[in-house]
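Below, read A as the first sequence line, B as the second, and so on, with proteins coming before strands; counting in each chain starts at 1.
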Amino acid sequence: MDKISEKIDINRAQMMKKLNCDLNYDLMFRDFKFKYKNKNINCFLVFFDGMVNKDYINSDILSKATLSYSITPSNLTLSYPEFFKANIISNCMLQEKEKFSDVIKEVLFGNVAVFIDGYNKCFLCNIIQYEHRSMEKPFFENSINGPQESFNEVLNFNTALIRKNVRNKNLIIEKIQIGKRAENVCTLIYMKNLANKKLIDIIKQRISEIDTDIILSTDALNNYIETNTYSPIPQILPTERPDRVASFLLQGRCAILTNNSPIAGIIPTTIIDWFHSTEDGYIKAPFNIVLKIIRLLAIFSAILLPAIYIATVTYHISVFPTNIAMSLAASRELVPLPFVVEILIMEAAFELLREAEMRVPTRIGPVVSIVGGLILGQLAVEANIICSFTMIIVGFSGIALYALPNFYISYGLRFVRYVFILLAFLNGYLALAFGIVIFMYILANSYSFEISLLPPFYEDKKRNVIAQIFTSPVWKNEVRPYTVKAQDEYSQSKISRRWLLNDKK
Amino acid sequence: MIKNKNTKNISFNNYEFISIFLIILFSLFMSIIPKNIILTCKSASVIGTLFLIIISYIVYYFLTKKTYDNEYDFFVIIKKTFPKIIQIIIGISLFAFALFYVYTSICDVTFSLKNSTYNITPSITIALYFLIALLIMTKNGLNSLFRISGYVAHIIFIIISILFIVSLPRIKITNFLPIFGSGIKDVFFINLKNISLFTPLLFTLFFGHNILRKDKNGKTNKNYVKSKNRINKIMFIFSLTLLMIIILYCGTMPTSLIEGRTALLFDVSRFITYTTTGLETAPFLIAIFSFISFLETSFVFLVGLTFLEKLGVVKDYRKLRYICIIVLFFALLMTSSMSAYIQISSIFNFVSIGVGFIFPIITLILYSLKNRKSKKIQGVLNES
């Protein structure tokens, strides 16, 4: 029996049964009455404690219902449900539902369900008020120049932040239900006149066809909808900044946001995004170029430096000038371990430190780094467990990993590094080349929603990887990223600074 | 964007096509063929190379013109010229040639690496890397190989240029004298056997249609004049690189020394150091050269399999690749010495001249004759 009855007792019993009233301590039922044409109409409301604004229930719904006994309202020509709507629950967003399943779904999301006697529909008042974190500074996408806003765990709040940045009627925020047992909501956000329609359809199809009990966060949702799940490289770009989401949307990309998650996922993404950070939009072009070069070097060092070191010292020592080779030999004289074991020990120690620092309380974090990184490292060198060269290489590549703009990307890449280390140990530069070519092959065959992570290197003067990585000044960025395949390719006219024309006149 | 897994849908842009072409040709520069040119022409190697470039350019100018003036690609020409059974035989022969090509290529790089760096590593261990790469990289069709080549070709070109520039002080004019080496006969006649260096141009006949200019509606314009510029670009880059390499080889060491060497490019790179005490570039170049070979062998192998599929020998080539790789493994296992490989490579040279030059010429002549005949019949029918 899913249809709401006209008899309030039946409705009450059904709601109690369906919501397991006898077991749920936070489920609240409140009976009340209101007066209509000298008749007492019985009502009750249902909600979950802690999810609604109780002040509103007390001061508006319940007190107005009591007030109907003392003051005779003027609009008694209305039917009593209409009267109830106009006088007692008039100050909130309302929905009316005919089925228990729909009502229960909304109550679980924090709405208040109000049943009145003799009416076969239920009123749902949207007075959701969760306890939530206030807006804080971005955690992993810090910026000095840009806005200091980041998402929190409340979906409506997050979508409002995006709307604040993109004030355009074509900004679409579509709601999609996810999770079979624990229903959650995610939103697909895009610009109607910019985003690739085929891409939107694919995203919608993938999300709506997920058959699982629960999806709690955007990261979990990403796992369900990405093409190559075993790839260490993220195929959906995570971001916690509303301004970044806004700029991606205006490039013609789509974003997904999940309720209870402070992270938005950007679709599609390519390796070009590895080099872009939030800061880029706020600093001048020449510095931007320098930063990009540094990031290129950082990626190269993070992935390949330890492997190159292993390959060089194991197979091709002639690469080093004689004096460096001599000092390397001297520093390793008492070290009993082979190079590869040294590197792996150090890398493992580095990972351990990283994990420890993430879990220890904030105040102790720096102490762990100092004790672990500096003191233990120094002692390991002095005890001849590892040589100082290895220490430098591991330290440098570890720092390089954190120079990457996105934490999630560095997370993926750090596992690739171990594969390269082992390959370099096996056959030096030959095996390293093998590893690189296979890595590139995996990238070329990894897709962010039908778009390869490795975009075509060169299509024309403006549509090539170099031009997209080393972005020119904002006024020169006429073309949207060519990998996105947006409906409108151009973001501004060829001469965006029209005042130059007036100056010439 | 077309998904790479769709092996039937080959998609690439002009830059990627030029890139893969450059990679294939560069891997030939690392092979034994440039050494053969130097051994044939001696000090006149530069002239000999220029001569080969001009000859092959002229031949392929007419071949591509004839192909693209009439048809979409060379597959269509083969299908229109020969009956079904001959098409299958051609498909199998071209595939066998591609397999032979991959085999010689792996042998070449394996022995070069073994002689230059990995002296104690068994050659089959080195070859295994190439076979595993072949196995992995031929899984999803040609598109991803085109994509990767777009990222690395320019780096390779820059590296060759750097090698050339850095070696300039070591180049001696006396190494180019006498101008005509051991004689005009050697340079202009016997040297023709080295034209096998240009066999990869054959791929432009089969896959070159993608580099034809596309009109506004996205349809391919079958106009050779428009596509000529792109083919010219490929040829120019190739010629320039080849000339640089040849000058590098015979300019930096006397011909008498070259005779005893096997891995020329590895040798040349070994001479370059950035300080007086060390910092050799050779190890890095080993990585680059190996990278090129990984791409080249995978590409040629997939092209061979595509021949089989497009000429109707098999419907889906994917299962065939396992058998081919096992065959290659045993073939490589049996080639244990350099001298055995040199003999095999001389056979390969002659076979590749046949496949790269004689086969397309004969096919196009037969195609023209058949066309003329059908036109005549059509004319007679119209008159009657």
B/Lys139 side chain reached by A/Asn445 side chain, heavy atoms, under 4.5 Å: no
From [X] [atom1] over to [Y] [atom2], what is the distance, rounded to the nearest 0.5 angstrom?
X	Y	atom1	atom2	value
A/Leu430	B/Thr125	CG	OG1	10.0 Å
A/Ile442	B/Asn140	CD1	CG	11.0 Å
B/Ile132	A/Ile438	CD1	CD1	9.0 Å

Shortest non-hydrogen contact from [X] toward [Y]:
X	Y	result
A/Met440	B/Val152	SD-CG1, 4.4 Å
B/Arg147	A/Ala444	CG-CB, 4.4 Å
A/Ala433	B/Ala287	CB-O, 3.2 Å

CZ/A/Phe470: more than 12 non-hydrogen atoms of other groups inside 6.0 Å: yes
More than 12 heavy atoms of other groups within 6.0 Å of A/Phe425 CZ: no
Part of B/Thr121 within contact of chain A (heavy atom distance under 4.5 Å): side chain
B/Tyr118 portion near chain A, given a 4.5 angstrom heavy-atom threshold: side chain
Counting only heavy atoms closer than 4.5 Å, note whether [X] contacts chain B via side chain, backbone, both or neither.
X	result
A/Leu432	neither
A/Ala311	neither
A/Leu199	neither
A/Leu443	neither

ring-ring contact (aromatic ring centres under 6.0 Å, His included), paired with A/Phe434, selected from B/Phe291, B/Phe294, B/Phe130: B/Phe294
Single hit among A/Phe457, A/Phe439, A/Tyr441 for ring-ring contact (aromatic ring centres under 6.0 Å, His included) with B/Tyr151: A/Phe457
Intermediate values then yes/no, side-chain contact (heavy atoms from CB on, under 4.5 Å), B/Ile286 and A/Tyr315: CA-CA 12 Å; B/Ile286 283 169; A/Tyr315 291 93; over 6 Å; no
is_close_aromatic(B/His154, A/Tyr458), centroid dist under 6.0 Å: no
